[in-house]
There are 2 protein chains.
Amino acid sequence: MSVAIRHDDLRKRNRAMVIAAVRQAQQPSRTEIAGSTGLSHSTISAISSDLIAEGILLEAKGPEASSQKRGRPQVALELNPDAAEIVTVVLSLNFLSVAIVDYSGKVVSEEERKLETLTMSRDGLIGECVAMVCRQIALRKSAGRRVMRIGMAVQGITDSTSRAMLWTPITAHTHIAFADIIEEATGIPVTVENDCNMIAVALRWRKPERYHNDFIAVLLSHGIGMGMVLKGELFTGTQSSGGEFGHMIHRPDGALCRCGRRGCVEAYAGNYAIWRKAKQASEDEAPLADISDGDMRMLADVARAGPGPEREAFRKAGEAIGFGLGSLFALIDPAPVAVVGIGATAFDLIEPALREAIDKTAGGQHNKAISFDIEPNELPLIREGCTMQALTFVDQEIFAPGASPAAAGRNVA
Amino acid sequence: MSVAIRHDDLRKRNRAMVIAAVRQAQQPSRTEIAGSTGLSHSTISAISSDLIAEGILLEAKGPEASSQKRGRPQVALELNPDAAEIVTVVLSLNFLSVAIVDYSGKVVSEEERKLETLTMSRDGLIGECVAMVCRQIALRKSAGRRVMRIGMAVQGITDSTSRAMLWTPITAHTHIAFADIIEEATGIPVTVENDCNMIAVALRWRKPERYHNDFIAVLLSHGIGMGMVLKGELFTGTQSSGGEFGHMIHRPDGALCRCGRRGCVEAYAGNYAIWRKAKQASEDEAPLADISDGDMRMLADVARAGPGPEREAFRKAGEAIGFGLGSLFALIDPAPVAVVGIGATAFDLIEPALREAIDKTAGGQHNKAISFDIEPNELPLIREGCTMQALTFVDQEIFAPGASPAAAGRNVA
DNA sequence: TTCTTTTTTTCGAGGCTCGAAAAAAAGAGC
DNA sequence: GCTCTTTTTTTCGAGCCTCGAAAAAAAGAA
């Protein structure tokens with residue numbers, strides 16, 4: 001059963017709602033906030049004057065667009081960039097990136113680095129992450145700023161409490177409790193999230209008109225990842241980050257997957273699987289560790305040039321993704337799909353077989369209604385999602401403590 | 001964005017919470033309610049005295065168990081059975097059942113009937129349902145009782161707003177707007193739900209210690225159904241009741257399914273699929289319309305007696321369910337499973353292949369932790385879930401209304 | 001300079017929850 | 001049988017919160 005609502009939670013929740021309204025709209029007036037939240041003008045007035053006094057909001061004094069309208073002009077409110085800063089950490093194959101972002105969402109400092117994640121020792125990998133984070137925080141500390149939260153996105157499976165990376169394709173080391181480790185080193189709260197989930201979060205901020213309550217982001221790269229928003233909430237597993245679309249079974253006892261099992265969607269649609277098929281190697285052959293984006297583009301060009309094993313490899317990939325999405329749609333019903341990553345550049349080769357496969361599934365009845373959006377570059381999305389996730393955390397937990405708007409209105413028997 | 005919380009919503013929510021606490025615990029005292037809800041004693045006292053005055057709760061004056069304890073004895077509160085009545089309607093293959101249930105959950109009247117659902121006309125089917133519901137309501141009206149809500153459970157796919165049956169295996173007719181039709185005939189609000197979802201709801205009320213936040217109910221009968229609770233909430237699709245586990249793809253382009261497509265889990269694990277395989281018929285052969293429970297039990301006995309096509313058929317079923325669950329677990333992580341329906345009586349024949357298959361999937365790493373519970377009889381569960389769903393609706397929407405402050409309730413006191 | 005119009009703030013009313021204290025209702029002890 | 005102790009339940013005032021109405025503020029229009 002859901003927890004009772006205390007009297008003082010009311011203010012906290014409504015504070016959180018006002019902050020959320022300001023973050024969502026850019027520079028809304030008090031009247032607009034009253035409209036979008038449904039609270040009365042008096043309440044918005046009281047809350048926003050509190051928030052301004054606390055240095056969380058500002059009255060925007062930008063160059064007035066001289067509204068041309070009669071009456072007292074609206075005063076735009078905006079997030080105070082100096083109210084807080086957060087850190088984003090993105091760890092993926094052979095790559096680490098850390099950025100400092102201010103409260104309004106602007107990147108104020110960043111650092112990137114190539115790493116040999118596959119061959120590094122456990123301590124080496126952890127050390128690099130911690131060092132880069134500490135370096136960046138030290139920079140900001142010397143500038144007199146306070147970092148309030150660290151959001152980390154990793155390729156791989158994280159636990160459902162967002163504390164640890166459980167498994168990843170980027171290194172053989174497992175169960176790395178990044179949250180504990182980085183908190184220990186910095187004293188700042190940390191969450192660890194799956195990269196595809198952060199892509200989904202980013203898409204919602206970026207294109208709310210398309211990605212609103214229900215949608216799917218599929219990452220096509222060396223492996224296959226997925227982030228999903230259902231009924232307005234980021235979908236996660238019961239024990240882990242979940243949504244391991246790439247490891248749904250496409251063909252029982254089929255092709256060898258990077259995870260060691262057989263027949264996963266990824267074993268047909270991951271870069272290594274397409275490469276393996278195109279080179280006419282056996283499905284039992286061990287997957288390559290990495291294939292450059294350039295090589296994949298070249299392979300796609302060959303496939304486009306004419307029929308042959310290359311084209312067939314992309315077709316097989318489309319088939320696997322199509323049947324996988326079909327099974328997924330049997331569970332959740334069809335939803336808009338964003339195709340993200342290098343694989344998106346070859347989506348023209350993948351789509352026909354994909355749609356043909358979906359047509360053969362329960363989701364097929366709405367095949368025409370299913371639309372695919374293409375976004376080749378995943379890294380900016382991961383960063384952006386990570387940023388928004390961390391900032392929303394600050395919004396809700398630090399400036400409006402105790403409230404949990406996600407649980408609002410839910411009370412299922 | 002979530003809607004703002006108004007000041008008067010506070011009381012309404014806390015009223016709903018108190019009612020829920022009383023329904024969950026049997027006969028809790030005010031002190032116990034304060035403990036379980038986290039509200040203060042004064043608040044509980046105020047709310048419960050309101051609810052008693054309104055005739056929703058009663059002070060239980062049962063034969064005191066003479067608590068043996070010092071101090072003022074606790075006064076148990078209970079739901080007033082006369083506060084309301086609800087109707088449950090269960091429509092499945094060749095069978096219709098209607099029951100009247102009082103506010104405390106006790107069945108006060110029921111009626112069942114065999115129907116030839118497969119061959120009936122659309123209007124005939126609708127007419128039978130409406131007639132039986134109206135007959136039962138008329139009975140209660142003459143007894144001076146007021147029915148406040150009707151909950152209907154149907155085999156098949158319902159829409160996500162719980163208004164209509166979209167598709168069903170029990171008749172060729174589709175898109176029957178049962179909610180509108182029955183509301184029109186009775187003037188009482190109706191919801192239409194998927195039967196397996198109601199099984200999940202029932203399991204949570206029946207065994208909360210096992211089925212709490214995350215679990216799955218799989219119905220093995222002529223077709224394969226599923227109800228799922230994730231993070232404490234009943235899982236539904238974005239547009240329909242969702243969770244069509246039976247129509248996830250087990251083998252692309254494989255055996256012919258009742259739905260007309262190929263390779264669905266159901267095409268290997270539904271009664272008709274097991275039967276077809278056991279009789280060594282082609283996988284392309286059209287599914288039988290119905291197979292009696294007796295025939296299925298006999299088939300299972302033959303399979304138990306020794307190796308042969310019968311045993312192999314059950315093995316194939318286990319394999320299909322296992323790979324299907326494996327794919328599902330890739331998305332949501334492993335969770336407790338309840339196996340419901342006639343297929344549960346043959347679970348000994350199914351389980352080995354099922355576990356072997358799961359072992360080959362992403363869910364396999366926790367294979368030993370996955371536990372299966374057996375419940376052969378689905379009908380009582382469907383009724384019970386339907387009952388609790390409807391009663392909870394009454395609890396939340398009628399006695400603790402969310403939006404309309406003009407509602408009569410409190411002024412009557 | 002004086003209306004209009006629109007936004008924002010102020011102010012009092014009405015509710016809600018909470019903690020503390022009081023009242024109620026039993027058993028325990030003599 | 002009477003008084004003490006313990007536990008549950010109710011009462012009461014304090015402190016918040018939201019809301020509507022009215023007032024104040026800040027512009028353009030006349």
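Because the structure is predicted, anything quoted here is derived from the model rather than measured. Atom set for the values below is all heavy atoms of this structure, side chains included, hydrogens, waters and symmetry mates excluded.
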Self-check item: Any B:Arg70 side-chain N or O less than 4.0 Å from OP1/OP2 of D:dT8
Solution: no
Quiz item: Between A:Leu39 (CG) and C:dT8 (C1'), how many Å, whole number?
Solution: 16 Å
Quiz item: Is the distance from OP1 or OP2 of C:dC16 to the nearest side-chain N or O of B:Asn14 less than 4.0 Å?
Solution: no
Quiz item: Taking atom C1' of D:dC17 as reference, at what distance in whole Å does atom CG of B:Asp9 sit?
Solution: 13 Å
Quiz item: Quick one: side-chain contact (heavy atoms from CB on, under 4.5 Å) partners of B:Asn80, sequence neighbours excluded?
Solution: B:Leu58, B:Asp82, B:Ala83
Quiz item: Among the nucleotides C:dA20, C:dA24, C:dA26, which one has an atom lying closest to any side-chain atom of B:Ser42?
Solution: C:dA20
Exercise. Name the pairing partner of D:dA24, where a pair is Watson-Crick or G-U wobble with both distances under 3.5 Å, or state none.
Key: C:dT7
Exercise. Please report, rounded to the nearest Å, how far the C1' atom of D:dT7 is from the CD atom of B:Glu32.
Key: 13 Å
Exercise. Give a yes/no on whether any side-chain N or O of A:Arg30 is located under 4.0 angstrom from OP1 or OP2 of C:dT9.
Key: yes
Exercise. Please say whether the positively charged group of A:Lys231, taken as NZ for Lys or CZ for Arg, lies over the ring of B:Phe235, i.e. under 6.0 angstrom from the six-membered ring centre and within 45 degrees of the axis.
Key: yes
Practice problem: Using distance alone, with no hydrogens and no angle criterion, decide if A:Ser160 and A:Gln239 have a side-chain donor and acceptor under 3.5 Å apart. | Solution: no
Quiz item: Reckon A:Thr31 has a side-chain N or O less than 4.0 Å from the OP1 or OP2 of C:dT8?
Solution: yes
Quiz item: Under 4.0 Å between a side-chain N/O of A:Ser29 and OP1 or OP2 of C:dT7, yes or no?
Solution: no
Practice problem: Determine which nucleotide pairs with C:dT2, using a 3.5 Å limit on both distances of a Watson-Crick or G-U wobble pair. | Solution: D:dA29
Quiz item: Can you tell me if the side-chain N/O atoms of B:Arg11 get under 4.0 Å from OP1 or OP2 in C:dT17?
Solution: yes
Quiz item: How close or far is atom P of C:dA24 from atom CD of B:Glu59, stated in whole angstroms?
Solution: 15 Å
Practice problem: In whole angstrom, give the distance that lies between atom CZ of B:Arg15 and atom C1' of C:dC16. | Solution: 13 Å
Exercise. Give a yes or no on whether a salt bridge exists between A:Glu54 and A:Arg15, defined as a side-chain N under 4.0 angstrom from a carboxylate O.
Key: yes
Quiz prompt | Residue mapping more 5' on DNA chain C - nearest nucleotide basis, B:Ser40 or A:His41 | solution = A:His41
Practice problem: Flag the pair B:Arg146 and B:Glu85 as a salt bridge only when some basic side-chain nitrogen lies within less than 4.0 angstrom of an acidic carboxylate oxygen. | Solution: no
Practice problem: Classify the side-chain pair B:Ser42/B:Ser45 by whether it contains a donor and acceptor separated by less than 3.5 Å. | Solution: no
Quiz item: Atom NZ of A:Lys69 to atom C1' of D:dA26: distance rounded to whole Å?
Solution: 14 Å
Exercise. State whether B:Tyr211 and B:Arg204 meet the cation-pi test: NZ (Lys) or CZ (Arg) under 6.0 Å from the six-membered ring centroid, and within 45° of the perpendicular axis.
Key: no
Quiz prompt | Selected nucleotide, minimal atom distance to A:Gln74 side chain, candidates C:dA25, C:dT8, D:dT18 | solution = C:dT8
Practice problem: Please list residues of residues 44-58 of chain A whose heavy atoms come under 4.0 Å from any atom in DNA chain D, ordered by number; otherwise none. | Solution: none
